[in-house]
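Any value given below was found using the heavy atoms of this structure, including those in side chains, with hydrogens, waters and symmetry copies removed. The chains referred to below are lettered A, B, ... by the order of the sequence lines, with proteins before strands, and numbering in each begins at 1. This structure is a prediction, so every number in the text was calculated from the model and none was measured.
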Amino acid sequence: MVYKKIKIKRLLSDPVSGQNIKVNGWVRTKRESKNVVFVALNDGSGLANLQIVADPGKFSELLLKDITTGACISVNGTLVESHGKGQQVELQAESIEVLGKSDPDSYPLQPKKHSLEFLREIAHLRPRTNTFSAIYRIRHAMIFAVHQFFNEKGFLNIHTPIITASDAEGAGEMFRVSTLDPKNPPLLEDGTIDFSLDFFERETNLTVSGQLEAELGALALSEVYTFGPTFRAENSNTTRHLAEFWMIEPEMAFYDLEDNMDLAEEFLKYLIRYALEKCAEDLEFLNQRAAEEEMSRRQEDRYELSLIERLKFVIDNNFERITYTEAIQILMESKPNRKKKFQFLIERWGTDLQSEHERYLVEKHFRKPVILSDYPKEIKAFYMRMNEDGITVRAMDILFPGIGEIVGGSQREERMDQLRRRMQEMEINAEGLWWYLDTRKFGTAPHSGFGLGFERFLQFITGMNNIRDVIPFPRTPGNADF
RNA sequence: UCCUCAGUAGCUCAGCUGGUUAGAGCAUCUGACUGUUAAUCAGAGGGUCGUUGGUUCGAGUCCAACCUGGGGAGCCA
């Protein structure tokens, strides 16, 4: 007898009774009685389990004993229509092989609800749960959609370096990369470490952004994007920060800030539409999960819309676009500011916005994604293009409900004299960035770009509150397990 | 890093103002029963109450420090 190996998702999408099938997977639960044994089997291809039906008379007691929650089994059998209610078809087992036993006494996953905190501690096993397998499938779909979106538009994907010697990006603390003996490093006369004897003959770190290198690509290939790992050594302990995360950074020549915003909005909507179309089953499950979680939250902290409704809402509405100056105006006149309900009151133009202000704009005032632009130069990076007013720069941040800043971008300063002036003002070492300045020297062009935090975006798509639950193995201060 | 809450069985939690042998549900094991659906019913095993020190006749309960985790803030994506 020949049994055709097939993944459970494919099998259930087109079930034909009478087929001889081989499935491999991990046991979710087993229910047994004198005359019949039921096994719920899952291979991660989809949310639905395949019900395996075994006649206890046909299998040894020892074999059946080894089929426990978490065990890996391979089943040959015939697909038949189910007598029971919960499923259309089931696999009538003819032979079962236990590929990997699982001691039920010590296997940590039980057929019951587990807290996300507990599952984080067993991140090596959590993809075997419905919630995390759904998240990982959506994560994959979104990675794929990112590349598809840019490919369709003719953007080139470029790999920017992960190890970098430039420390002038100002995007936060960096992780040092070194092969020097940590116990006894070579020292200079002033007692500091002599990095000229290190592997790269200079001090090197893990990248905090591929942007500067992406700009080099844009100023030759017109439209490029990076999608790579990014590292920040900040001691941030929040639900939306990771020390290692993935960032998508498109960079486009001949785009001004408005073109940049248009692209970002189109991109985000494309990804959300893709998820709704291609991950409907998983989103439906997460929608249910999120709804249950909402019940345990305070009334005023609850979303008005369900997860799927929020996703549809973003697709169906234009993002609100306002300048920083307009935002300050709105915030100064807002109720929480007048009644001194904000922890940080808005008193003057020029201060940076706090989380509470961003949340007010997005969740209370506009009730939709907001693009803030034209920030004061003092609170933004050196490479952002100066406006005519001489006090604001062509920056834009996209704020999403529940997550805050999801995209940060700008039109880049392409004018050499302006760029040099800004670098001087902000005490950026120009020497190490000679290659960056060269692009302004030789055939400079107006250009723009933005960065999308991939995990933050996934939080929005999946409704997960903690960023540590949308990446397989989160790296955070004090945590590098697995 | 700061603020705040928490740490009791494998998991989720109860344990009132300090008072004998520390409880429940689920999970596990054993048995029964049933085309079952997180099956059901009965029984059993399972705990240095996060760690260290202190107060007290007596500490899961009070105090201090530390460790770990959650939430919020800052930094940012």
Practice problem: Please state the P separation for the pair G43(B) and C62(B) - nearest whole angstrom. | Solution: 35 Å
Short N/O separations, protein against nucleotides 67-71 of chain B, under 3.5 angstrom:
unit_1 : atom_1 : unit_2    : atom_2 : d
G70(B) : OP1    : Arg120(A) : NH1    : 3.0
G70(B) : OP1    : Arg468(A) : NH1    : 3.4
G71(B) : OP1    : Asn466(A) : ND2    : 3.2
G71(B) : OP2    : Asn466(A) : ND2    : 3.2

Exercise. Could you tell me which residues satisfy side-chain contact (heavy atoms from CB on, under 4.5 Å) with Thr462(A), sequence neighbours excluded, listed by chain and number?
Key: Ile135(A), Ile138(A), Leu286(A), Met464(A), Val470(A)
Practice problem: Compare the minimum distances between each of A39(B), U1(B), G35(B) and the side chain of Arg31(A), then state the nucleotide with the smallest one. | Solution: A39(B)
Self-check item: Whether Phe482(A) and His124(A) hold their rings parallel, tilted or perpendicular, with breakpoints at 30° and 60°
Solution: parallel
Quiz item: Rounding to the closest angstrom, what is the interatomic distance between U8(B) and G15(B) at atom C1'?
Solution: 9 Å
Quiz item: Going by the side-chain hydrogen bond (donor to acceptor under 3.5 Å, both in side chains) test, which pairs reach into residues 342-355 of chain A, not counting sequence neighbours?
Solution: Thr325(A)-Trp349(A)
Quiz item: Does His114(A) get its side chain close enough to the base of C11(B), under 3.5 Å, for a donor-acceptor pair?
Solution: no
Practice problem: Return the value, rounded to whole Å, for the distance between atom CG of Asp55(A) and atom P of U36(B). | Solution: 16 Å
Exercise. Any salt bridge (charged side-chain N to carboxylate O under 4.0 Å, His left out) involving residues 131-147 of chain A? Give me the pairs, sequence neighbours left out, ordered by first then second residue.
Key: Arg137(A)-Asp282(A), Arg139(A)-Glu455(A)
Practice problem: Write down the distance between CD (Gln211(A)) and P (C76(B)), rounded to a whole number of angstrom. | Solution: 14 Å
Quiz item: Stepwise, does the salt bridge (Lys or Arg N to Asp or Glu O under 4.0 Å) test hold for Arg422(A) with Glu425(A)?
Solution: CA-CA 5 Å; Arg422(A) 288 294 292 144; Glu425(A) 277 173 21; 2.6 Å; yes
Quiz item: Under the salt bridge (charged side-chain N to carboxylate O under 4.0 Å, His left out) rule, what pairs show up with a residue in residues 456-476 of chain A, not counting sequence neighbours?
Solution: Arg120(A)-Asp469(A), Arg126(A)-Asp469(A)
Quiz item: If you take atom types as modelled and just measure distance, does the side chain of Glu90(A) reach the base of G35(B) with a donor-acceptor pair under 3.5 Å?
Solution: yes
Exercise. Please collect all salt bridge (charged side-chain N to carboxylate O under 4.0 Å, His left out) contacts where either partner lies in residues 242-252 of chain A, sequence neighbours excluded, each pair once.
Key: Glu251(A)-Arg412(A)
Self-check item: Side-chain donor/acceptor of Ser236(A) to base of C76(B), under 3.5 Å
Solution: no
Practice problem: Taking side chain to side chain donor-acceptor pair (under 3.5 Å) as the test, write out the residues that go with Asn49(A), two or more places apart. | Solution: Asn42(A)
Quiz item: Can you list the residues that meet the side chain to side chain donor-acceptor pair (under 3.5 Å) rule with His140(A), with sequence neighbours excluded?
Solution: none
Quiz item: If we take the P atom in both U40(B) and U51(B), what is their distance in whole Å?
Solution: 34 Å
Quiz item: When we call it a touch if two heavy atoms are under 4.0 Å apart, what does Asn49(A) touch: a base, just sugar-phosphate, or nothing?
Solution: nothing
Practice problem: Round to a whole Å and report the spacing from NE2 of His357(A) to P of A73(B). | Solution: 12 Å
Quiz item: C1' atom, G25(B) versus A38(B): distance in rounded Å?
Solution: 13 Å
Practice problem: Please work out which of the three classes, parallel, tilted or perpendicular, describes the rings of Phe267(A) and Phe149(A), given edges at 30° and 60°. | Solution: tilted
Quiz prompt | Integer-rounded Å distance: U40(B) C1' and Phe38(A) CZ | solution = 14 Å
Quiz prompt | Side-chain N or O of Ser355(A) closer than 4.0 Å to phosphate OP1/OP2 of G72(B) | solution = no
Self-check item: Most 5' of Lys85(A) and Phe118(A) on RNA chain B, judged by nearest nucleotide
Solution: Phe118(A)
Quiz item: On a whole-Å scale, what distance lies between the P atoms belonging to G50(B) and A14(B)?
Solution: 13 Å
Quiz item: Under 4.0 Å between a side-chain N/O of Gln354(A) and OP1 or OP2 of G74(B), yes or no?
Solution: yes
Quiz prompt | Whole angstrom value for the distance that separates C1' of G31(B) from NZ of Lys34(A) | solution = 11 Å
Practice problem: Could you tell me whether Val37(A) contacts a base, only the sugar-phosphate backbone, or nothing, with contacts defined as non-hydrogen atoms closer than 4.0 Å? | Solution: nothing
Practice problem: Please state how far atom CD in Glu61(A) lies from atom P in U30(B), giving the value in whole angstrom units. | Solution: 10 Å
Quiz item: Can you list the residues that meet the side chain to side chain donor-acceptor pair (under 3.5 Å) rule with Asn465(A), with sequence neighbours excluded?
Solution: Glu293(A)
Exercise. Name all residues meeting the side-chain contact (heavy atoms from CB on, under 4.5 Å) criterion together with Leu63(A); count only those two or more places apart in sequence or in a different chain, and write none if there are none.
Key: Phe59(A), Ser60(A), Ile96(A), Val98(A)
Practice problem: Please state the C1' separation for the pair G7(B) and C49(B) - nearest whole angstrom. | Solution: 10 Å
Quiz prompt | Phe245(A) ring over A77(B) six-membered base ring, under 5.5 Å and 30° | solution = yes
Self-check item: Distance-only donor-acceptor test, Gln87(A) side-chain atoms vs U36(B) base atoms, 3.5 Å
Solution: yes
Exercise. When you get a sec, tell me which of G35(B), U1(B), U12(B) is the closest nucleotide to the side chain of Ser115(A)?
Key: U12(B)
Practice problem: Using only heavy-atom distances, determine whether the side chains of Glu215(A) and His447(A) contain a donor-acceptor pair under 3.5 Å. | Solution: yes
Quiz prompt | Cation-pi check, Arg310(A) onto Tyr303(A) ring (under 6.0 Å, within 45° of axis) | solution = yes
Quiz item: How does protein contact run along nucleotides 23-29 of chain B, one letter per nucleotide 5' to 3', with B for base contact, S for sugar-phosphate only, - for none, heavy atoms under 4.0 Å?
Solution: --BBSSS
Quiz item: Using the C1' atom in both, what is the distance from G18(B) to A59(B), to the nearest Å?
Solution: 6 Å
Quiz prompt | Gap between atoms CD and P, on Glu173(A) and G74(B) respectively (whole Å) | solution = 18 Å
Practice problem: Select from Ser82(A) and Lys380(A) the residue whose nearest nucleotide in RNA chain B is closer to the 5' end of that strand. | Solution: Ser82(A)
Quiz item: Can you find a side chain N or O atom of Arg28(A) that sits less than 4.0 Å from OP1 or OP2 on U36(B)?
Solution: no
Quiz item: With pairs taken as Watson-Crick or G-U wobble and both distances under 3.5 angstrom, which stems of at least three consecutive pairs involve RNA chain B?
Solution: B:1-7 with B:67-73, B:10-13 with B:23-26, B:28-32 with B:40-44, B:50-54 with B:62-66
Quiz item: Expressed as a whole number of Å, how far does the C1' atom of U48(B) sit from that of A22(B)?
Solution: 13 Å
Quiz item: NA contact type, Leu242(A), heavy-atom cut-off 4.0 Å: base, sugar-phosphate, or nothing?
Solution: base
Self-check item: Rounded distance (Å) that lies between atom P of A77(B) and atom CE of Met247(A)
Solution: 7 Å
